[in-house]
Amino acid sequence: MTTRIKFLRALTFGVATAGLLATGPVNAKVEGDTITLGSAISFTGKYSTNGIHAKRGYNLAVKRINETGGVKVGGKAYKLKIIYYDDESTPLRTAQLAERLIKQDGIKFFLGPYSSATTKAIAPITEKYKIPMVEAEGASRSLFTQGYKYIFAVLSTSEQYLASSIALAAEIAKKNGKKPSSVRVALAFENDPFSLDVRAGVMDDLKKYGMKAVIDDKLPRDLSDMAATLTKVKALKPDLLVISGHSKGAATAARQIKEMKIKVPMIAMTHCESAKVIKNFGASTNGFLCPTQWAETLSYSGKLFGSAADWNKLFKATYDGYKNVPYQSAQASAAVMVWKDAFERAQSFDTEKVRQALSETNMKTFYGDIKFSKAGNNIAKPMVLRQIQNGKLNVVAPSKWASHPVEWPRK
Amino acid sequence: MLDNISLLIQAPLLNIQLLLDGLFIGAIFALAAYGLALVWGVMNVKNLAQGDFVMMGGYIAWLLSTYGIHPIFGLPVAMVIMFGFGWLIYITIICRIINRDLFTSLLATFGLALVIAQLLNLAFGPEVRVAISGFAINSFFDGMVTVANIKFIGLVLAAILAAMVISFMKLSRMGQAIRATAQDPRAAKVMGIDTERIYAFTFALNAAICGAAGALISMIWVIQPFFGIAYSIRSFVIVTAAGLGNLPGVIIAGLGLGGAELYAGFVFGAELQQFTVVGLLVVVLVVRQIQQRKHRQAVQ
């Protein structure tokens, strides 16, 4: 048995080494007039759909930058190029491919992978080799508590996803002449790192307002039924029901909220869009509050792409088959824009100088404002909350960006 | 925990909701586990791809629904396609491992499970899918108890399917032959039974049952290429708890598991829902071990 394992290990190692040796000549990060960025991202496996959304976002920005004069460093215009590898949605593979990008391909500037899990796997490596990475798809707050210095994220971190729904509930309670602390909240979160991050943000806000969690269920990863939790919701009649469990959680919750006729005045959940709850469950989803990193209706705008709506139009014109463009693509485009901006301010390709320029980023884009904290997360852009109103997603919070008033209570 | 128990006492109607939902979920589990018990009992193959067969059935029903065919009609189609698929898998893979040791059959079916999950992922993408039955939802007791018709239909269909399979096994020639092969393949062969065909039929029947379960799951819960494993695990839990070769026991264990899951989820919170069920399995195994030891001692 052990000899067999040893043999398999040796075999795997051998094949991997042979694979590495067989790869072509070593590329440099900047050759001629081309700056090469590298990314190990998911084209197959469970993250493949969003991995491809992200790749298209990256490519669109590269195309646009190259068409509009490229990146100007030292009086010369450089074109951007990205080398991709498919990490098969497995963090271990992402880490291996990161090493390969650095050692074999000589890449000095990274774009992030898709998902928090794969970003977590890659961050220690970029850190070790002091390679700056701008990432757009890893939201877990644990990425920004490790003291990493070479990771920069354009998106809002996961603990902000649903926290705004608590603030909104407090606002509504006040408007109705009640104390925010009287609001009773039911929590149903999947027991995985992402959802627990989201939950941590919600818990902080609950504490802030002195609200009480009457239900606090953590759903196991392979649970496909929420009937027990929802039966409790029916019995306890909370004022706000907060749910996060990826697409499966959203689809299951939306289906069972409809089937069990759950009447809670306010329901907030992540992944409404990826679970296609409006299309699948129709009118019963009216009033759901769904957080999003970005929406094409927001009045953000910036230099390269114009407004959010302009980017949205360009994306749809470039790639067929999108009815709604996912925010995953928008933030990927933003990450490439951050690179261009940093190169131009650094006027150098020295990784330390570029890292310094990245840390001083302060720009307005179609995706929102981008400014990094010391930890590397974007602190200038809020999460926005959209509500499903008559089958449409309308921005209702924060009030600065709201296009519609919130409908309360939901019918 | 005590709050939750007192809730159940104060509002007894909640018990009805939990029991009903437990029954619905349990019926589907029982269906998938029934197929597993059949294959395990007759061929001594532990099929780790059970849950992936279930997902395939779900995808067939969902795919047909995107072409405007109601998923309830997708159910028989899923059964037929999966029957053929099961037969194909038998003659290509399972027939080569049936006489090998336990490890080989586990490895082969595990490999099969991975391949099916990845193929589903390549074909349909990793999104969560739901097939919409569009059936009405009934409320009782002022909305305190709700029953979606599709769940009720699922329960009835599961019961009909189980009844058909049981009577088929008891009454038909094929059923008799299957049971004979399960008892003693060599003797069955001597009596002129084509055991190869019996095995292929049994495996195909199992796939068809999984297909039906999957079609129901696509209408009641959600499907995704990688969710098969959850159904594989539950099937194993049910078959192990019921005891090998105890087909009626599988149905009771399935329903019991469904009910236990929901009560555990309500009383202890969702995080302990499956923990409780697996814990119960351990208790069942320990109790059975003690019983058997007593029995062995008595025999000695």
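Naming convention: chains lettered A, B, ... in sequence-line order (proteins, then strands); numbering from 1 in each chain. Bear in mind the structure is a predicted one, so any value in this text is a computation, not a measurement. The analysis underlying the following values was restricted to heavy atoms, covering all of them including side chains, and did not include hydrogens, waters or symmetry mates.
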Q: Could you look at B/N4 and say if it's the side chain, the backbone, both or neither that has a heavy atom under 4.5 Å from chain A?
A: side chain

Q. What distance separates B/I217 CD1 from A/D225 CG, expressed to the nearest 0.5 Å?
A. 11.0 Å

(Q) When you compare the side chain of A/L219 with that of B/E271, does any pair of heavy atoms fall below 4.5 Å? (A) no

Q. Okay, side chain of A/K46, backbone of B/P126: is any donor-acceptor separation there less than 3.5 Å?
A. no

Q: Scan for side chain to side chain donor-acceptor pair (under 3.5 Å) pairs involving residues 102-118 of chain B, sequence neighbours excluded, and state none if there are none.
A: B/D101-B/T104

Q) A/N50 versus chain B, heavy atoms under 4.5 Å apart: side chain, backbone, both or neither? A) neither

Q) Does any heavy atom of chain B fall under 4.5 Å from the side chain of A/L236, the backbone, both, or neither of them? A) side chain

Q: Verify the neighbour count for atom CZ of A/F43: are there more than 12 heavy atoms of other residues, nucleotides or ligands below 6.0 Å?
A: yes

Q: Identify which of A/A235, A/A251, A/S48, A/G45 forms the greatest number of heavy-atom pairs closer than 4.5 Å to chain B.
A: A/G45

Q) Just checking heavy atoms, which of residues 260-278 of chain A are less than 4.5 Å from chain B? A) A/M260, A/K261, A/K276

**Q.** Proximal component of B/I150, with respect to chain A [non-hydrogen, under 4.5 Å]
**A.** side chain

Q. Side-chain donor-acceptor pair under 3.5 Å between B/Q224 and A/K248, yes or no?
A. no

Q.
Using a 4.5 angstrom heavy-atom cutoff, name the option from A/M226, A/R255, A/Q256, A/K234 with the most pairs to chain B.
A. A/R255

(Q) Within the 4.5 Å heavy-atom criterion, are B/K151 and A/E259 side-chain neighbours or not? (A) yes

Q: Give a yes or no on whether A/Y322 atom OH has more than 12 heavy-atom contacts from other residues, nucleotides or ligands under 6.0 Å away.
A: yes

Q. What heavy-atom pair brings A/A227 and B/L262 nearest, and what distance separates the two atoms?
A. CB-CD2, 3.9 Å

Q) Where on B/A131 is there a heavy atom nearer than 4.5 Å to chain A: the side chain, the backbone, both, or neither? A) backbone

Q | Per-residue contact mode, B/F24 against chain A (heavy atom under 4.5 angstrom) | A | neither

Q. Can you tell which of B/D21, B/N138, B/L272, B/I220 has the highest number of heavy-atom pairs within less than 4.5 Å of chain A?
A. B/I220

Q: Give, as side chain, backbone, both or neither, the part of B/I132 having an atom under 4.5 angstrom from any heavy atom of chain A.
A: both

(Q) Please identify, among B/A117, B/G269, B/G22, B/P225, the residue contributing the most non-hydrogen atom pairs under 4.5 Å to chain A. (A) B/G269

Q. If you take all heavy atoms of B/A270 and A/T229, which pair is closest and at what distance?
A. CB-OG1, 3.9 Å

Q) For the atom pair OG1 (A/T49) and CG (B/N121), what is the distance rounded to the nearest 0.5 Å? A) 7.5 Å

Q. Among B/A264, B/G265, B/G125, which has the most heavy-atom pairs under 4.5 Å with chain A?
A. B/G265

**Q.** Rounded distance (nearest 0.5 Å) linking atom CG of B/L122 with atom OG1 of A/T44
**A.** 7.5 Å

Q. Can you check whether B/V128 reaches A/T252 side chain to side chain, under 4.5 Å on heavy atoms?
A. no

Q | Gap between atom CD1 of B/I137 and atom NZ of A/K258 - 0.5 Å precision | A | 5.5 Å

